[in-house]
Amino acid sequence: MNEYSRFYIGAAFLAGIVVALGLEQRLRPQKKDDDTAEASRSRLNARTGPPAIVEGVEGCIGNTPLFRIKSLSDATGCEILGKAEFLNGAGQSSKDRVALSMIQIAEEKGILTPGTGDTIYEGTSGSTGISLAALARAKGYLAHICMPSDQAIEKSNLLLKLGAIVDRVPPAPIVEKENFVNRARALAHAHTLSSTTPSPVESGVSTPDTAEMEGLRTARGRGYFADQFENEANWRAHYDGTGPELYAQCEGRLDAFVAGAGTGGTISGVALYLKPRIPGLTVVLADPQGSGLYNRVRYGVMFDIKEREGTRRRPQVDTIVEGIGINRVTANFEAGKELVDDAVRVTDAQALAMARWLVEKDGIFIGSSSAVNCFAAVKTAMKLGPGHRIVTVLSDSGSRHLSRFWAKAGDVGGATDTKLEDVLNARDAK
């Protein structure tokens with residue numbers, strides 16, 4: 001065999017290998033684009049080990065999971081995601097972020113000093129107080145919490161177990177001295193005035209009455225009124241934490257954010273962070289019955305059918321929902337009010353039905369404000385149409401709503417066939 005023959009045989013052999021490889025490649029099943037995208041997401045979310053060691057219980061706040069609520073997503077054709085704020089590590093609610101922010105800023109300003117007997121006072125429906133009580137102990141303070149007496153009893157019981165002093169006061173409008181927020185402010189002021197530790201007198205606060213002063217004669221340290229409704233550390237906690245987390249978790253792809261407002265810090269802080277970064281994002285207020293914020297967002301006037309503007313010297317219209325819904329605009333809500341695009345009104349019956357649905361279909365046990373948020377998320381999904389991504393907030397667990405909200409919701413039992421239409425059309429029993 002001459003040299004040219006050997007050359008052609010070798011070339012033919014190599015060509016055969018190339019052809020065979022090409023044929024094998026064509027016959028091999030091709031991965032779909034969505035499979036590739038899924039693999040990419042899996043790599044991004046892969047964990048190489050357990051979380052890092054953090055400093056104290058305050059290090060367990062933030063970076064909560066965002067998960068797909070399967071039943072609501074499947075029923076609406078949208079991706080409805082829940083931010084699991086009940087997994088924050090101090091008070092097990094979204095208020096952990098706010099409490100930590102308020103304490104840290106007060107420390108930076110020299111208002112609070114650990115180990116001096118300083119006491120944190122707050123007026124709260126429960127969750128902020130629980131977070132403050134836990135963090136107060138963790139950081140070397142005491143806590144004195146004032147709350148309406150109509151809130152679930154397990155909240156005040158938990159506060160006591162966390163070492164807080166608890167005042168359960170009759171519900172009263174914010175314009176009355178006996179309102180739980182006003183009482184907390186007055187007690188903090190009284191503590192500072194009677195303290196053995198010198199401190200600047202808080203301006204704009206009326207002198208407490210004799211009984212309040214008498215109860216604080218031996219007070220140490222200073223009294224710090226956290227003032228979650230007006231303290232901008234509230235919305236900044238969500239601007240610095242919740243908003244950036246959602247943006248990263250969603251990789252910047254989000255169509256709507258849905259949240260209720262009590263103090264207004266969550267919806268304002270998240271809206272202020274996300275709106276400039278996600279063009280076209282819709283921010284939706286979830287509002288319970290009796291609250292005036294729905295009409296404030298929709299029509300620009302604080303108004304409820306049962307409570308006309310200018311008559312708010314009487315207590316707020318009763319609702320079984322705790323933690324959200326209010327009949328005034330706070331500084332925290334005002335911070336992001338112009339970024340709220342729409343509002344959804346949710347009745348007690350609808351909130352109760354949604355809470356039961358989430359247990360029945362997903363095994364998710366949430367509190368009353370979270371149920372309102374989820375109902376409003378469904379209404380938002382139906383308005384936007386299939387294919388959109390909606391995020392809402394699961395503020396706390398149903399375990400601190402057993403004696404009131406869940407007592408009325410009842411046991412889910414063996415229910416398995418509830419339809420979403422049943423939830424959407426829920427009506428109060430007559």
Side-chain angles (χ1 to χ4, degrees), residues 93 95 119-133 142-162 164-191 205-216 223 225-230 260-264 287-293 302 304 306-330 348 351 367-369 372 396 400-408:
S93 80
K95 296 300 186 179
T119 299
I120 301 169
Y121 291 81
E122 183 61 303
T124 167
S125 61
S127 288
T128 304
I130 292 167
S131 296
L132 283 171
L142 300 174
H144 190 133
I145 305 301
C146 301
M147 63 187 299
S149 58
D150 61 353
Q151 302 301 288
I153 192 65
E154 52 267 30
K155 293 182 180 181
S156 55
N157 287 345
L158 179 55
L159 283 165
L160 292 170
K161 298 298 184 288
L162 288 169
I165 297 173
V166 182
D167 285 342
R168 288 179 65 96
V169 300
I174 190 65
V175 295
E176 301 291 350
K177 178 183 176 182
E178 293 78 15
N179 175 271
F180 64 104
V181 174
N182 296 335
R183 176 165 176 76
R185 180 188 291 108
L187 288 173
H189 185 54
H191 183 137
V205 179
S206 60
T207 303
D209 60 31
T210 304
E212 288 169 340
M213 288 296 295
E214 228 11 83
L216 294 166
F225 175 50
D227 198 14
Q228 60 168 327
F229 290 90
E230 311 300 329
T263 63
D287 209 34
Q289 66 184 50
S291 172
L293 293 180
M302 186 68 79
D304 184 78
K306 297 180 180 179
E307 187 170 354
R308 295 188 303 278
E309 192 163 20
T311 62
R312 259 177 297 287
R313 291 189 65 81
R314 63 177 190 269
Q316 178 176 311
V317 174
D318 189 34
T319 175
I320 201 166
V321 174
E322 299 178 6
I324 60 172
I326 196 169
N327 279 306
R328 69 182 192 276
V329 175
T330 66
D348 283 355
S368 56
S369 63
V372 170
D396 63 2
R400 61 180 58 167
H401 297 262
L402 292 174
S403 65
R404 194 160 181 256
F405 181 78
W406 272 100
K408 190 164 185 177

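Excluded from the calculations below are hydrogen atoms, water molecules and symmetry mates; all remaining heavy atoms, backbone and side chain alike, are included.
Atoms NZ and CZ, from Lys408 and Arg404 in turn, are 9.0 Å apart once rounded to the nearest 0.5 Å. Atoms CG and CD1, from Leu132 and Ile120 in turn, are 5.5 Å apart once rounded to the nearest 0.5 Å. Atom CZ of residue Arg183 and atom OH of residue Tyr121 lie 10.0 Å apart, to the nearest 0.5 angstrom. Rounding to the nearest 0.5 Å places CD1 of Ile145 at 11.0 Å from OG of Ser125. Between the CD atom in Glu322 and the CG atom in Asp396 there is a gap of 9.0 Å [rounded to 0.5 Å]. Rounding to the nearest 0.5 Å gives a distance of 8.0 Å between OG1 of Thr124 and CG of Leu159.
The shortest heavy-atom contact between Arg328 and Met302 is C-CE, 3.5 Å. Considering all non-hydrogen atoms of both residues, Arg168 and Ser149 come closest at NH2-O, 2.5 Å. Taking both residues in full, the closest heavy atoms of Asn179 and Ala172 are given as ND2-O, 2.7 Å, listed atom of the first, atom of the second, then distance. Closest of all the heavy-atom pairs between Ile324 and Val321 is CG1-CG1, 3.8 Å. Heavy-atom minimum distance, Ser291 versus Asn327: C-OD1, 3.6 Å. For Gly262 against Ile326, the heavy-atom pair with the smallest separation is O-CD1, 3.5 Å.
By the 4.5 Å heavy-atom criterion applied to side chains, Ser127 and Arg400 are counted as neighbours. Residues Asp167 and Leu187 have side chains in contact (heavy-atom distance under 4.5 Å, counting atoms from C-beta outward). Inter-residue side-chain proximity for Met147 and Ser156 is flagged as met; some heavy-atom pair is nearer than 4.5 Å. At a threshold of 4.5 Å between non-hydrogen side-chain atoms, the residues Gln289 and Asp348 count as touching.
Residues forming a side chain to side chain donor-acceptor pair (under 3.5 Å) with Glu154 (at least two apart in sequence, or on another chain): Ser403. With sequence neighbours excluded, the residues forming a side-chain contact (heavy atoms from CB on, under 4.5 Å) with Phe405 are Ile320, Ala351, Leu352, Ala355, Ser368, Ala371, His401, listed by chain and number.
Between the side chain of Asn182 and the backbone N or O of Glu176, at least one donor-acceptor pair lies under 3.5 Å. Panel note: side chain Glu122, backbone Phe225; no donor-acceptor pair is recorded below 3.5 Å.
For the 3.5 Å distance criterion, the side chains of Gln228 and Thr128 qualify, holding a donor opposite an acceptor.
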